[in-house]
> 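One structure is given below, represented as structure tokens, and several questions about it will come after.
Basis for what follows: all heavy atoms, side chains included, without hydrogens, waters or symmetry-related copies. The chain is numbered in sequence order, starting from 1. Whatever order the structure lists ligands and atoms in, that order sets their numbers, starting from 1.
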Amino acid sequence: MSTEATQSSALDTLGSETRTFPPPPEFVRQANVSDPSIYERADKDFEGFWAEHARTLTWRKPFTKVLEWEAPYAKWFADGQLNVTENCLDRHVQAGKGAKVAYYWEGEPGDKRVLTYQDLLEETQRCANALKELGVKKGDRVAIYMPMIPELPVAMLACARIGAPFTVVFGGFSAEALAGRIGDSEAKLVITADGGYRKGNVVPLKKNADDAIAQTSTVEKVLVVQRTKQEVAWTAGRDVWWHDIVPRQKADCPAEALDAEHMLYLLYTSGTTATPKGIVHTTAGYLTGVAATTKLIFDVKDHDVFWCAADIGWVTGHSYIVFGPLANGVTGVMYEGTPDFPDKDRWWSIIEQYKVSILYCAPTAIRTFMKWGSEYVQKHDMRSLRLLGSVGEPINPEAWLWYQQTIGGGRCPIVDTWWMTETGMILVSPLPGITTTKPGSATFSFPGVQADVVDEGGSSVPLGQAGYLVITRPWPAMLRGIYKDDERYRDTYWSKYPGRFFAGDGAKRDTDGYFWLMGRVDDVMKISGHRISTTEIESALVSHPKVAEAAVIGRDDPVTTQAIFAFVTLRGGNDSSDALSKELREHVVSKIGSIARPKTIMFTPELPKTRSGKIMRRLLRDIANGQPLGDTTTLADATVVETIRGSTGKEA
Ligand code: PRX
């Protein structure tokens with residue numbers, strides 16, 4: 001592991017931005033939290049702070065213990081019991097908010113649905129009863145592979161109601177990627193749809209699910225939502241239409257009282273090997289963490305319309321489309337498709353139409369909108385917005401300022417939120433009624449959370465110096481492990497600095513103590529905010545019969561943060577043709593999904609290696625980025641680099 005990624009040129013400007021933005025007084029006046037003493041209070045007694053938040057939830061059995069911490073294993077509120085859906089649905093309906101909108105949903109073709117809390121509660125219970133009829137019991141795993149339609153959160157909530165851990169697989173993943181996740185989680189049921197809409201096309205979800213299930217052995221039933229109405233293959237006795245089984249169920253399904261540490265879901269994410277990790281999240285601590293951060297960071301109020309524009313297939317959607325907002329009884333927006341369908345102003349028309357007050361999205365989206373131009377924004381009334389959020393990658397000051405000015409009209413605070421699939425909840429972020437922000441900085445750790453920047457040996461680095469981000473105290477929504485791989489859990493996050501969580505991000509704190517995140521320091525790339533491992537793509541490439549060797553790196557990209565650049569050496573006798581580069585790209589797509597499609601493929605007779613045979617990725621990164629080459633003295637064969645430099649990459 002090295003700090004190479006922290007030296008990427010795109011990030012050089014980070015930390016040199018000097019403008020500051022204090023919270024606007026009118027925002028402070030109405031903020032859910034505006035007293036900075038919250039930091040000190042939470043720091044003095046972080047367990048007490050989290051217990052206070054946990055007590056705002058409805059418990060079946062109140063907890064008496066807050067935290068049991070035997071590093072690296074945490075249990076939060078362990079002797080308590082609750083049900084996530086009672087907290088997300090029943091208690092709001094019981095409080096008379098049944099008619100409040102839970103989701104405004106819009107399909108890509110323009111179809112619309114509105115679901116109130118009452119609707120969502122009823123549909124969740126019907127679906128939960130259907131799951132039971134299909135043989136799903138508490139503890140059984142359910143894989144969910146769906147487009148962004150209301151049945152997706154319903155399916156997740158239905159699983160949570162009966163205590164069946166679910167694993168949502170992003171609809172952009174391929175059949176093979178889905179098969180890996182079904183296999184690892186040993187899912188008994190798959191919930192999918194015939195298809196979903198994406199950029200005017202239909203994504204063949206049912207077909208992918210069929211292909212995936214054929215490679216696995218645990219699936220007994222497949223529950224299928226009819227979304228696009230295209231023809232699909234049908235396996236009698238296994239496949240069941242949602243509309244045949246869910247509507248006829250009783251809209252009453254008692255919520256299971258679940259132990260605080262009962263597994264709520266598994267979410268697979270890329271690490272530094274070819275196999276994704278099943279990140280385990282549990283019930284009460286997770287809900288406490290996402291409920292508290294939604295309330296304090298997004299400042300949600302009863303009248304807000306909160307649009308987190310992520311896909312529910314990623315952790316951002318789990319925490320801030322589904323569980324955090326619903327736990328707070330907030331109205332949310334869900335949109336199925338791409339931002340440029342039918343035109344490049346789709347998002348702004350959604351904001352205008354639903355009077356969205358809080359928008360949460362990725363810097364990659366913001367940079368894309370900047371590129372498209374502000375005229376698309378100006379066509380719409382954006383005055384409903386009062387708070388903006390950013391997540392998933394470092395946001396460059398230029399994009400931050402454009403977001404603030406053009407989208408936020410100069411009046412909305414921006415919360416740049418740092419967190420990961422593993423952390424479950426936001427850990428570093430401004431509090432919009434307290435924090436003076438600096439464009440490009442995620443500012444400070446959330447109250448009760450303790451973060452630090454350390455050097456290779458684990459000592460805190462002085463302010464102003466770069467190092468590795470670590471979290472030095474447990475937090476309630478933290479991952480509880482990697483499913484069925486305790487060794488990898490300990491190795492990946494806890495072995496470098498025992499007792500401290502190693503995030504894998506480079507960071508520095510400026511002289512005012514602000515955190516600046518600087519990108520991954522391992523072989524994990526960020527492509528348009530999506531997390532993809534270089535090793536996963538390399539392994540997909542070498543599984544092609546014509547490929548001898550492959551090395552993948554993330555090339556700096558002004559819009560997508562990084563773009564996938566693959567160096568490929570072919571087996572003897574194979575041509576480095578355009579047709580082959582296309583074939584290899586599609587091969588990677590079939591193994592992982594279209595998010596992993598290499599942008600550039602460069603065929604090279606050899607890869608630069610050390611004398612011990614290790615591929616020198618640092619050199620490849622320099623070559624791909626057109627930068628002067630670093631130290632080449634350890635190269636086994638110095639001529640290799642010159643040959644590669646003479647080649648031209650084939651762009652997608
Ligand atoms: O590198 C960091 C980056 O995203 C990684 C986690 O990716 P994932 O698990 O897919 O979760 C993304 C959404 C929570 C981190 O290791 N990252 C996330 N948020 C930020 C960020 N980098 C800089 N600034 C952020 N605000």
Side-chain angles (χ1 to χ4, degrees), residues 1 3 5-6 8 10-11 14-15 168 170 172-173 267-272 276-279 281 289-290 293-294 297 308-321 324 360-367 388-397 399-400 403 414-430 437-446 451 453 466 468-471 477-479 482 492-493 501-508 514-533 536 554 560-562 595-596:
M1 203 153 308
T3 48
T6 64
S8 106
L11 301 172
L14 285 183
V168 181
F170 172 58
F173 278 120
L267 185 56
Y268 288 84
T269 189
S270 293
T272 53
K277 309 176 273 198
I279 302 300
H281 283 296
V290 298
T293 47
T294 302
I297 296 170
C308 166
D311 191 290
I312 293 178
W314 309 108
V315 75
T316 307
H318 283 62
S319 298
Y320 299 107
I321 297 177
Y360 188 35
C361 66
T364 243
I366 299 163
R367 289 191 292 264
L388 303 172
S390 164
V391 61
E393 336 152 67
I395 179 163
N396 48 313
W400 194 103
Y403 197 28
I414 295 187
V415 288
D416 171 3
T417 62
W418 178 90
W419 59 298
M420 317 168 64
T421 306
E422 289 84 341
T423 71
M425 62 184 245
I426 299 167
L427 293 188
V428 183
S429 165
T437 52
K438 299 185 184 186
S441 166
T443 74
F444 304 108
S445 50
F446 188 77
V453 180
Y468 301 109
L469 183 72
V470 290
I471 311 298
M478 65 192 280
L479 77 166
I482 294 178
T492 312
Y493 309 110
F501 176 81
F502 174 70
D505 274 37
K508 88 178 167 196
Y514 282 63
F515 281 95
W516 297 79
L517 279 307
M518 301 166 81
R520 300 287 313 175
V521 294
D522 54 14
D523 295 332
V524 171
M525 293 179 291
K526 274 286 169 157
I527 316 292
S528 298
H530 298 147
R531 182 166 160 179
I532 305 169
S533 121
E536 237 173 306
T560 58
T561 309
Q562 291 184 305
I595 54 167

> Considering only non-hydrogen protein atoms, determine which one is nearest to atom 1 (O) of ligand 1 and report residue, atom name and distance to 0.1 Å.
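Going by distance alone, atom 1 (O) of ligand 1 is nearest to D505 OD2, 2.8 Å.
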> Tell me which one of R520, K526, H318 gets a heavy atom nearest to atom 12 (C) of ligand 1.
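Result: the heavy atom closest to atom 12 (C) of ligand 1 is in K526.
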> Tell me whether ligand 1 is touched by G504 - counting only heavy atoms on the residue side and a distance under 4.0 Å.
no
> Counting heavy atoms only, which of T421, L267, L427, I426 is nearest atom 11 (O) of ligand 1?
T421
> Check whether any N or O atom of T269, backbone or side chain, sits under 3.5 Å from an N or O atom of ligand 1, and answer yes or no.
no
> Between Y493 and F501, does the ring centroid distance fall short of 6.0 Å?
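Yes, ring centres under 6.0 Å apart.
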> Which ligand 1 atoms does T417 reach within 4.0 Å, using its non-hydrogen atoms?
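Counting from 1, the qualifying ligand atoms are 19 (N), 20 (C), 25 (C), 26 (N).
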> Taking the six-membered ring for Trp and the full ring for Phe, Tyr or His, determine whether the centres of W419 and Y320 are under 6.0 Å apart.
yes
> Do you know which two heavy atoms are closest between I595 and H530, and how far apart they sit?
CG2-ND1, 3.4 Å
> If you have a sec, work out which protein heavy atom is nearest atom 18 (C) of ligand 1 and how many Å separate them, to one decimal?
W419 O, 3.2 Å
> Take every heavy atom of P394, measure it against each atom of ligand 1, and state whether any distance is under 4.0 Å.
yes
> How far is atom 3 (C) of ligand 1 from the closest protein heavy atom, and which atom is that?
G392 O, 3.3 Å
> Checking contacts here: is it the side chain or the backbone of I395 that comes within 4.0 Å of ligand 1, counting heavy atoms only? Could be both or neither.
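It is neither part, as no heavy atom is under 4.0 Å.
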> Can you confirm if the aromatic rings of W418 and F515 lie within a centre distance of less than 6.0 Å?
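Centroid separation for F515 and W418: 6.0 Å or greater.
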> Step by step, would you call F444 with W516 a ring-ring contact (aromatic ring centres under 6.0 Å, His included)?
CA-CA 9 Å; F444 304 108; W516 297 79; over 10 Å; no
> Do V315 and M420 have side chains that approach each other closer than 4.5 Å (heavy atoms only, starting at C-beta)?
no
> At what distance is the nearest protein heavy atom to atom 24 (N) of ligand 1, and which residue and atom is it?
E393 O, 3.2 Å
> Nearest to atom 13 (C) of ligand 1, what protein heavy atom do you find, and at what distance?
T316 OG1, 3.4 Å
> One thing to verify: whether K277 and E536 come together as a salt bridge, which I'm taking to mean a side-chain N less than 4.0 angstrom from a carboxylate O.
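No, this pair does not count.
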> Of all the atoms in ligand 1, which lie at a distance below 4.0 Å from a heavy atom belonging to V391?
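The list of qualifying atoms is 13 (C), 14 (C).
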> Just so I know, are the side chains of F446 and L427 near enough to count as touching, which here means a heavy-atom distance under 4.5 Å?
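With C-beta onward as the side chain, the pair stays apart.
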> Side-chain donor-acceptor pair under 3.5 Å between T437 and Y514, yes or no?
no
